[in-house]
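All values below were derived from every heavy atom in this structure, side-chain atoms included, with hydrogens, water molecules and symmetry-related copies excluded. Remember, it's 1-based here, ligands and their atoms both numbered in the order they're listed. Keep in mind that this is a model prediction, so the values were computed, not measured. Numbering starts at 1 and runs along the sequence shown.
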Amino acid sequence: MRYHVLTLFPDMIMQALGTSIIGKALEKESISLEAIDIREYTKNKHKKVDDTPYGGGAGMVMQAQPVYDAYKALEEKIGHRPRVIYLTPQGSVFHQKMAQEFAAEEDLVFLCGHYEGIDERVLEEIVTDYVSIGDYVLTGGELPAMVLIDAISRLVPGVLNNEESAQFESFHDNLLEYPQYSRPEEWMGKKVPSVLLSGHHANIDAWRREQSLIRTYERRPDLLEKAALTPKDQKFLDNLRNSTCK
Ligand code: ADE
């Protein structure tokens with residue numbers, strides 16, 4: 001996976017993603033990342049990249065030319081037309097399935113806007129996907145781009161040490177993950193559930209499945225409609241619903 005981020009704040013991207021698991025993945029070359037400074041492509045002698053909106057209104061709009069030229073230089077370099085994701089609160093709200101779809105790409109381009117947005121004409125020309133990270137407004141697209149890069153990267157082979165760990169987790173099967181415990185066996189008077197100390201793997205699996213169902217029912221009941229539930233799961237949930245209704 002090769003990420004290319006078109007931004008006015010390249011340092012923000014490189015510094016934040018250079019640490020932790022993503023930083024290690026960059027070192028191992030499981031993924032690569034470049035932040036392209038849009039300002040370097042402006043033809044304005046004062047390095048200006050924005051101007052006031054036609055029709056009036058508050059704020060400034062990023063101009064089409066530097067964004068387009070930055071993108072075109074990249075397209076020429078990689079030799080094909082990549083998916084270009086524009087981060088905007090007007091986009092489709094990001095979710096795990098989208099992360100899986102994006103993880104299959106060879107190159108992904110993230111376009112980060114600032115101010116009151118980017119001239120519509122260049123968006124029409126280059127953007128393939130409009131993506132939001134939630135119904136709130138941030139000051140720019142850099143944090144959303146990093147959120148996507150993090151979520152996508154952990155699905156790229158070689159990024160996580162344990163290949164299994166991206167599979168059995170929250171949102172796999174649309175169920176939330178069961179609770180986890182580690183040493184000591186007792187902490188502040190709270191004991192680790194005894195089944196986890198039993199060594200009985202079938203019982204542990206069954207207990208974890210039930211915990212996932214309870215957790216999803218309590219915290220994200222909306223997910224249960226999309227979950228792949230067995231008849232046994234259904235029965236367990238019916239009992240849960242009956243016992244909590246009383
Ligand atoms: N830019 C500003 N706010 C945003 C959001 N919520 N998601 C994606 N991009 C944004």
Side-chain angles (χ1 to χ4, degrees), residues 1-22 31 33-42 48-71 74-75 81-105 107-156 170-171 219-220 222-223:
M1 170 65 74
R2 297 185 293 250
Y3 299 113
H4 316 268
V5 184
L6 298 169
T7 172
L8 291 173
F9 300 94
D11 294 347
M12 188 174 169
I13 301 288
M14 297 314 286
Q15 276 170 19
L17 292 175
T19 55
S20 188
I21 293 175
I22 304 303
I31 57 173
L33 170 69
E34 63 169 340
I36 298 159
D37 188 350
I38 293 169
R39 198 176 295 280
E40 298 208 339
Y41 289 85
T42 181
K48 228 167 87 86
V49 289
D50 60 342
D51 210 330
T52 53
Y54 278 120
M60 302 290 267
V61 175
M62 281 170 69
Q63 291 165 287
Q65 175 273 315
V67 172
Y68 188 67
D69 288 1
Y71 166 76
L74 171 61
E75 190 190 85
R81 223 189 140 130
R83 265 174 108 158
V84 178
I85 302 165
Y86 177 47
L87 290 315
T88 166
Q90 299 179 10
S92 312
V93 178
F94 187 59
H95 53 69
Q96 190 68 20
K97 271 231 166 67
M98 257 192 224
Q100 275 162 0
E101 189 191 313
F102 288 140
E105 296 289 324
D107 289 279
L108 280 177
V109 180
F110 296 90
L111 174 58
C112 305
H114 259 267
Y115 318 119
E116 290 307 306
I118 302 182
D119 190 306
E120 191 67 20
R121 293 166 295 182
V122 69
L123 300 179
E124 287 167 8
E125 208 55 44
I126 69 172
V127 172
T128 58
D129 300 86
Y130 292 80
V131 178
S132 164
I133 61 162
D135 291 338
Y136 41 83
V137 181
L138 301 166
T139 56
E142 284 75 13
L143 286 170
M146 290 193 272
V147 167
L148 265 66
I149 289 171
D150 191 286
I152 296 164
S153 295
R154 46 195 302 294
L155 304 174
V156 171
S170 292
F171 300 115
R219 299 184 185 181
R220 289 292 307 276
D222 57 300
L223 290 177

Asks: Of all the non-hydrogen atoms in the protein, which one sits nearest to atom 3 (N) of ligand 1, and at what distance?
Replies: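 That would be L138 N, 3.0 Å.
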Asks: With a 4.0 Å cut-off on heavy atoms, is D135 in contact with ligand 1?
Replies: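 Flag not set, D135 not near ligand 1.
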Asks: Give a yes or no on whether R2 atom CZ has more than 12 heavy-atom contacts from other residues, nucleotides or ligands under 6.0 Å away.
Replies: yes
Asks: Do other residues, nucleotides or ligands put more than 12 heavy atoms under 6.0 Å from the CG atom of L138?
Replies: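 Yes, enclosed.
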Asks: Does a sphere of radius 6.0 Å around NZ in K97 hold more than 12 heavy atoms from other residues, nucleotides or ligands, not counting ones at 6.0 Å or beyond?
Replies: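 No, the 6.0 Å shell around NZ holds no more than 12 heavy atoms from other groups.
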Asks: As an exercise, identify every atom of ligand 1 less than 4.0 angstrom from a heavy atom of V131.
Replies: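 Taking each heavy atom of V131 in turn, ligand 1 has 8 (C) under 4.0 Å.
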Asks: Please verify the inter-ring angle class for F9 with H114; under 30° counts as parallel, over 60° as perpendicular, anything in between as tilted.
Replies: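 The arrangement is tilted - the two ring planes meet at 30° to 60°.
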Asks: Report the part of S132 in contact with ligand 1, treating N, CA, C, O as backbone and CB onward as side chain, heavy atoms under 4.0 Å; options are side chain, backbone, both, neither.
Replies: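 Answer for S132: both.
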Asks: If you have a sec, work out which protein heavy atom is nearest atom 5 (C) of ligand 1 and how many Å separate them, to one decimal?
Replies: Y136 O, 3.8 Å
Asks: Check the surroundings of atom CG in D222: do more than 12 heavy atoms from other residues, nucleotides or ligands lie under 6.0 Å from it?
Replies: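 Yes, because the 6.0 Å sphere around CG of D222 holds more than 12 heavy atoms from other groups.
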Asks: Using 4.0 Å as the upper bound for N to carboxylate O, is an ion pair formed by R39 and D37?
Replies: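 Here D37 does not pair with R39 in a salt bridge, since their nearest N and O are not under 4.0 Å apart.
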Asks: Using a strict 4.0 Å cut-off to heavy atoms of G140, name the atoms of ligand 1 that fall inside it.
Replies: 1 (N)
Asks: Give the numbers and elements of all ligand 1 atoms closer than 4.0 Å to a heavy atom of G134.
Replies: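 Close to G134: 6 (N).
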Asks: Can you check whether F102 reaches V131 side chain to side chain, under 4.5 Å on heavy atoms?
Replies: yes
Asks: What's the shortest distance from atom 1 (N) of ligand 1 to any protein heavy atom, and which residue and atom give it?
Replies: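 Going atom by atom, the protein heavy atom closest to atom 1 (N) of ligand 1 ends up being P89 CD, 3.6 Å.
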Asks: For L87, take its heavy atoms, then give the atoms of ligand 1 lying under 4.0 Å from any of them.
Replies: 8 (C), 9 (N)
Asks: Can a non-hydrogen atom of G91 be found less than 4.0 Å from any atom of ligand 1?
Replies: no
Asks: When you compare the side chain of Q96 with that of L155, does any pair of heavy atoms fall below 4.5 Å?
Replies: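 They are in contact (side-chain heavy atoms under 4.5 Å apart), so the answer is yes.
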Asks: Pick one of side chain, backbone, both or neither for how T88 approaches ligand 1, counting any non-hydrogen atom pair under 4.0 Å.
Replies: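 Just the backbone.
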Asks: So is I133 polar-close to ligand 1, meaning N/O to N/O under 3.5 Å?
Replies: yes
